[in-house]
Amino acid sequence: MGFEVQDEVYVAKILEGEGASNLPIGHPIAILVEDEGDLSAFKDYTPGAQPSEKPSEEGEEVVERKSGERIFISPLARNLAKEYSLDISQIKGSGPNGRIIKDDVMKAKEAPKKAPKEAPKEAPKEAPKEAPKEAPKPEVAMPSGEYTDIPHSGIRKVIAERLLHSKLTIPHYYSSVDVEMDTILGMRKQLNEFSNAKISVNDIVIKAAALASLEVPEANSSWQEDSIRQYDYVDMSVAVQTDKGLITPIVKNAHIKRLGEIAQEMKSLAEAAREGKLKPEQFQGGTFTISNLGMFGIKEFSAIINPPQACILAVGSTQKSLLPDEKSGFRAANLMTVTLSSDHRIVDGAIAAKWLAAFKKYMEQPYSMLI
């Protein structure tokens, strides 16, 4: 941080260099002096030590004249005498050649002054009655126990900065729908009988979100200083939890990849992310983000937008529910709740509803994604 002074001064000594951190309040960081001649007094100064009183060959000792008399005084002593408004001609020096040093100034400052005449003594007044003492307040017991301070990792600092910036500067709003999963669960079971890569529900969600983003390109956009940038392709960022924090590897051109390709790519990206081997181009960028906590049993949640993207889809778990049915009155169905977080500068409410309708269509009619 910067430090501005109002008067003209000289920097005699820098005590804490650039990049110093965790300094307590009141900790000195530099020494400033008003006179250039005082710089040499702090040349060898170290925190906690007193400035040297020995004169150096560079003219550390200052000589002043008054009525033809030579007065020797150290720079520090001269400054102290000036600060305490003391006449140096009245101070007796104890240093070499009668030089006045700091101790001489401090003794002159503490010397007793003539006591003023005593005022006539008054008759002792009756002591005021003491107010009744309040009962001592009970001490509040502070919680006790051990704890551990874990230093911030580099990735944790980046996550904190980006998410805080997103939440403070982007006008979030949230839209949710329930998706019937029975057809998709059946299709996934059939596909895994023939696919070399095991296809997960999350892989199907990536494909459906990519096609919905291509169909509703307003949601596949980013906020620029002078424009809204709308993408003709879909690079899908997918949140992956690692030991060091959250990272979002990217399935590039997800809209044109088959489910088996997405499954294989996500498996390798997730492994590289957990091992810390992702290359920058594998997690920087992206046009849309998916965060799936359904596998952890979370029914629904709202995610924070990954800037400069316009939207992020939060995917919850699949749960059994009863739905109205015209024939039998009620029927059992597997429902998954998804919540779309949108940047209101880019995506209006009607656009978010349109995107969720497209996503729901692809999820409930999953075979259309295979055409």
Side-chain angles (χ1 to χ4, degrees), residues 163 172-193 195 197-213 215-216 219 236-242 246-249 251 254 259-260 262-263 266-267 269-270 273-274 288-306 311-342 347 349 351-370:
L163 293 184
H172 287 58
Y173 74 97
Y174 312 97
S175 314
S176 300
V177 293
D178 291 330
V179 177
E180 290 192 43
M181 297 293 290
D182 295 277
T183 304
I184 219 165
L185 293 175
M187 184 192 78
R188 172 177 173 262
K189 184 177 180 180
Q190 291 178 339
L191 290 176
N192 281 334
E193 293 178 0
S195 175
K198 185 178 180 181
I199 298 170
S200 67
V201 171
N202 199 54
D203 300 326
I204 302 172
V205 168
I206 292 171
K207 179 68 174 180
L211 292 176
S213 297
E215 187 174 320
V216 187
M236 191 63 66
S237 302
V238 183
V240 173
Q241 183 65 40
T242 71
L246 198 66
I247 195 166
T248 51
V251 179
L259 288 172
I262 292 174
M266 268 310 304
K267 182 179 179 182
L269 286 171
R274 294 187 180 101
F288 194 99
T289 298
I290 292 173
S291 180
N292 190 343
L293 292 180
M295 60 192 76
F296 299 106
I298 302 301
K299 183 178 185 298
E300 60 180 299
F301 67 103
S302 301
I304 299 175
I305 294 170
N306 183 15
C311 297
I312 181 172
L313 184 70
V315 182
S317 62
T318 300
Q319 298 187 352
K320 285 277 189 183
S321 299
L322 287 177
L323 297 178
D325 185 77
E326 293 181 358
K327 296 180 180 179
S328 57
F330 292 94
R331 62 184 176 86
N334 288 290
L335 296 183
M336 181 180 74
T337 302
V338 297
T339 301
L340 184 69
S341 303
S342 305
V347 179
I351 299 300
K354 187 178 178 182
W355 188 94
L356 285 168
F359 175 78
K360 182 179 174 74
K361 174 189 68 177
Y362 286 116
M363 291 293 289
E364 294 183 349
Q365 302 172 25
Y367 290 101
S368 64
M369 293 188 284
L370 306 179

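In this chain, residues are counted from 1 in sequence order.
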For the backbone of [Y] and the side chain of [X], can you confirm whether one donor and one acceptor N or O come within less than 3.5 Å of each other?
| X | Y | answer |
| --- | --- | --- |
| His172 | Ile305 | yes |
| Asn334 | Asp182 | no |
| Ser195 | Gly260 | no |

Distance (rounded to the nearest 0.5 Å) between [X] [atom1] and [Y] [atom2]:
| X | Y | atom1 | atom2 | result |
| --- | --- | --- | --- | --- |
| Ser213 | Met236 | OG | CE | 4.5 Å |
| Ile204 | Met181 | CD1 | CE | 7.0 Å |
| Ile351 | Ser175 | CD1 | OG | 11.5 Å |
| Lys360 | Trp355 | NZ | CH2 | 12.5 Å |
| Lys207 | Met363 | NZ | CE | 13.5 Å |
| Leu356 | Asp178 | CG | CG | 11.0 Å |

key: Residues which pass ring-ring contact (aromatic ring centres under 6.0 Å, His included) with Tyr173, listed by chain and number, not counting sequence neighbours   =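 ring-ring contact (aromatic ring centres under 6.0 Å, His included) list for Tyr173, sorted by chain: His344.
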
ask   = Does the pair Leu323 and Leu335 meet the rule for a side-chain contact (heavy atoms from CB on, under 4.5 Å), with working shown?
value = CA-CA 10 Å; Leu323 297 178; Leu335 296 183; 3.9 Å; yes

Show the nearest heavy-atom pair for residues [X] and [Y], with the distance to one decimal.
| X | Y | value |
| --- | --- | --- |
| Thr242 | Ala273 | CG2-O, 3.4 Å |
| Tyr362 | Ala212 | CE1-N, 3.9 Å |
| Ala254 | Ile262 | O-CD1, 3.9 Å |
| Ala352 | Val347 | N-CG1, 3.7 Å |
| Ala303 | Tyr174 | O-CE2, 4.0 Å |

message = Using side-chain contact (heavy atoms from CB on, under 4.5 Å), reason through Leu370 and Leu259 one step at a time and then give a plain yes or no.
response = CA-CA 8 Å; Leu370 306 179; Leu259 288 172; 3.8 Å; yes

inquiry  = Please enumerate all residues that pass salt bridge (Lys or Arg N to Asp or Glu O under 4.0 Å) together with Lys354, with sequence neighbours excluded.
reply    = none

message = I'd like to check the salt bridge (Lys or Arg N to Asp or Glu O under 4.0 Å) partners of Arg331; sequence neighbours left out, ordered by chain and number.
response =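 Only Glu180, Asp325 meet the salt bridge (Lys or Arg N to Asp or Glu O under 4.0 Å) criterion with Arg331.
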
task = Compare all side-chain heavy atoms of Ile184 with those of Val179 and state whether any distance is below 4.5 angstrom.
result = no

message = I want to check something: taking the side chain as every heavy atom from C-beta on, are Val205 and Ile290 in contact at a cut-off of under 4.5 Å?
response = yes

Just distance, no hydrogens or angles: give the donor-acceptor pairs under 3.5 Å from side chains in residues 312-320, sequence neighbours left out.
| residue | atom | partner | partner atom | Å |
| --- | --- | --- | --- | --- |
| Ser317 | OG | Ile298 | O | 3.4 |
| Ser317 | OG | Gln319 | NE2 | 3.4 |

query = Applying side chain to side chain donor-acceptor pair (under 3.5 Å), which residue pairs with at least one partner in residues 291-301 are found, sequence neighbours left out?
reply = Asn202-Asn292

request  = With sequence neighbours excluded, give me every side chain to side chain donor-acceptor pair (under 3.5 Å) pair touching residues 183-193.
outcome  = Gln190-Tyr367

